[in-house]
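None of these values were measured; they are calculated from a predicted model.
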Amino acid sequence: IVNGILRGKFKRVVVMSGAGISVSAGIPDFRSPGTGLYDNLQKYDLPTPQSVFDINYFQIRPEPFYQLAKELFPGKLKPTITHHFIRILQSRGLLLRNYTQNIDTLERVAGIDPDSLVEAHGSFACAHCIGCRKEYTADHVKEEAFNDRVPRCSCGSLVKPDIVFFGEQLPHRFYQMYRKDFSSCDLLIVMGTSLK
């Protein structure tokens, strides 16, 4: 693969990336026994570990998500060598698209152009009211969460980061891009995910 990249054999590379590429930055993956995020949520008294990311549960009890969000909010962690590899593909004009399952925004921090990025599970980069869809900044949501307040819209509904919860559809951009990208790529690299 490396020789093919260096010789110019591949010109339209799609990268699919998951939590595994951010683990060395200090972000736990979701499913690893003992260290994964889902194995360490007992303090939130959830019916199931996945409830913290379930839209129906969030609408009833958003506090556990916002307590956890304080640990997950972007800003203090740096991209890994893998994020920089994806950026190098971009800088050489080889990256058609990076489809990421990660919500940590480290691809953005690494310098991946938003046009080359599909955040398949959304991200913390923006937030919206779940009622009227009014947009809020990530900074607003972060400030509320770090002051132990659940962010609410002026309409009274909850505000949540634009990460995809269980029970929600993937972002429109995913459906808009994947057919064209996957039919025209000449190399698909899958890193840090089992694609579950």
Side-chain angles (χ1 to χ4, degrees), residues 1-33 35-38 50 53-55 69 72-128 133 135 137-138 160-196:
I1 291 175
V2 172
N3 286 334
I5 290 171
L6 294 175
R7 289 193 327 254
K9 178 179 177 184
F10 305 116
K11 298 188 183 318
R12 293 176 314 280
V13 180
V14 170
V15 175
M16 296 182 73
S17 53
I21 74 165
S22 293
V23 170
S24 64
I27 299 172
D29 68 16
F30 284 80
R31 294 180 182 87
S32 290
T35 59
L37 186 67
Y38 288 152
Q50 293 81 3
F53 293 114
D54 183 286
I55 190 62
L72 300 177
F73 261 108
K76 52 188 170 181
L77 300 173
K78 295 187 181 339
T80 67
I81 192 168
T82 309
H83 294 98
H84 291 293
F85 167 72
I86 299 167
R87 192 197 66 230
I88 289 168
L89 290 174
Q90 174 186 276
S91 67
R92 292 188 175 191
L94 304 175
L95 182 68
L96 176 60
R97 204 86 56 217
N98 176 199
Y99 287 78
T100 180
Q101 296 174 313
N102 297 334
I103 60 173
D104 55 37
T105 73
L106 288 179
E107 292 84 5
R108 291 173 184 245
V109 176
I112 306 298
D113 187 310
D115 289 338
S116 298
L117 188 60
V118 174
E119 293 164 318
H121 291 172
S123 78
F124 278 99
C126 191
H128 284 84
R133 299 299 301 154
E135 186 171 318
T137 65
K160 88 172 194 42
D162 288 349
I163 60 174
V164 178
F165 278 26
F166 293 109
E168 293 184 304
Q169 292 292 315
L170 296 180
H172 176 72
R173 181 165 167 75
F174 175 84
Y175 296 106
Q176 183 182 28
M177 306 302 290
Y178 86 92
R179 281 196 177 108
K180 181 178 75 155
D181 288 347
F182 287 98
S183 65
S184 66
C185 77
D186 53 19
L187 177 64
L188 173 63
I189 300 173
V190 179
M191 302 185 288
T193 179
S194 60
L195 296 177
K196 288 185 179 180

Looking at side-chain heavy atoms only, is the closest gap between [X] and [Y] below 4.5 Å?
| X | Y | value |
| --- | --- | --- |
| Asn102 | Ile27 | no |
| Leu170 | His121 | yes |
| Lys160 | Ile55 | yes |

If you compare all heavy atoms of [X] against all heavy atoms of [Y], which two are closest, and at what distance to 0.1 Å?
| X | Y | value |
| --- | --- | --- |
| Ser22 | Asp104 | OG-OD2, 2.7 Å |
| Glu107 | Asn98 | CG-OD1, 3.4 Å |
| Asp181 | Leu96 | O-CD2, 3.6 Å |
| Arg97 | Asp115 | NH1-O, 2.7 Å |
| Val164 | Pro171 | CG2-CD, 3.7 Å |
| Asp54 | Phe165 | C-CD2, 3.7 Å |

Separation of [Y] [atom2] from [X] [atom1] (nearest 0.5 Å):
| X | Y | atom1 | atom2 | value |
| --- | --- | --- | --- | --- |
| Met191 | Ile86 | CE | CD1 | 4.0 Å |
| Leu187 | Leu89 | CG | CG | 8.5 Å |
| Phe10 | Leu188 | CZ | CG | 11.0 Å |
| Leu106 | Ile112 | CG | CD1 | 11.0 Å |
| Ser116 | Leu94 | OG | CG | 11.5 Å |
| Asp113 | Ser91 | CG | OG | 12.0 Å |

**Request:** Please check if atom CG in Leu6 has more than 12 non-hydrogen atoms from other residues, nucleotides or ligands closer than 6.0 Å.
**Result:** yes

If we ignore hydrogens and angles and just use 3.5 Å, is the side chain of [X] paired with the main-chain N or O of [Y] as donor and acceptor?
| X | Y | answer |
| --- | --- | --- |
| Arg87 | Ala110 | yes |
| Thr80 | Ala25 | no |
| Asp186 | Lys11 | yes |

**Prompt:** Which of parallel (below 30°), tilted (30 to 60°) and perpendicular (above 60°) describes Phe174 and Tyr178?
**Reply:** parallel

**Message:** Ring-plane angle category for Phe182 and Tyr99, please: parallel below 30°, perpendicular beyond 60°, tilted otherwise.
**Reply:** tilted

**Request:** Mind running side-chain contact (heavy atoms from CB on, under 4.5 Å) on Lys78 and Val109 for me, showing each step along the way?
**Result:** CA-CA 8 Å; Lys78 295 187 181 339; Val109 176; over 6 Å; no

**Request:** Run through Gln101, Arg173, Arg108 and flag the one making a side-chain hydrogen bond (donor to acceptor under 3.5 Å, both in side chains) with Glu119.
**Result:** Arg108

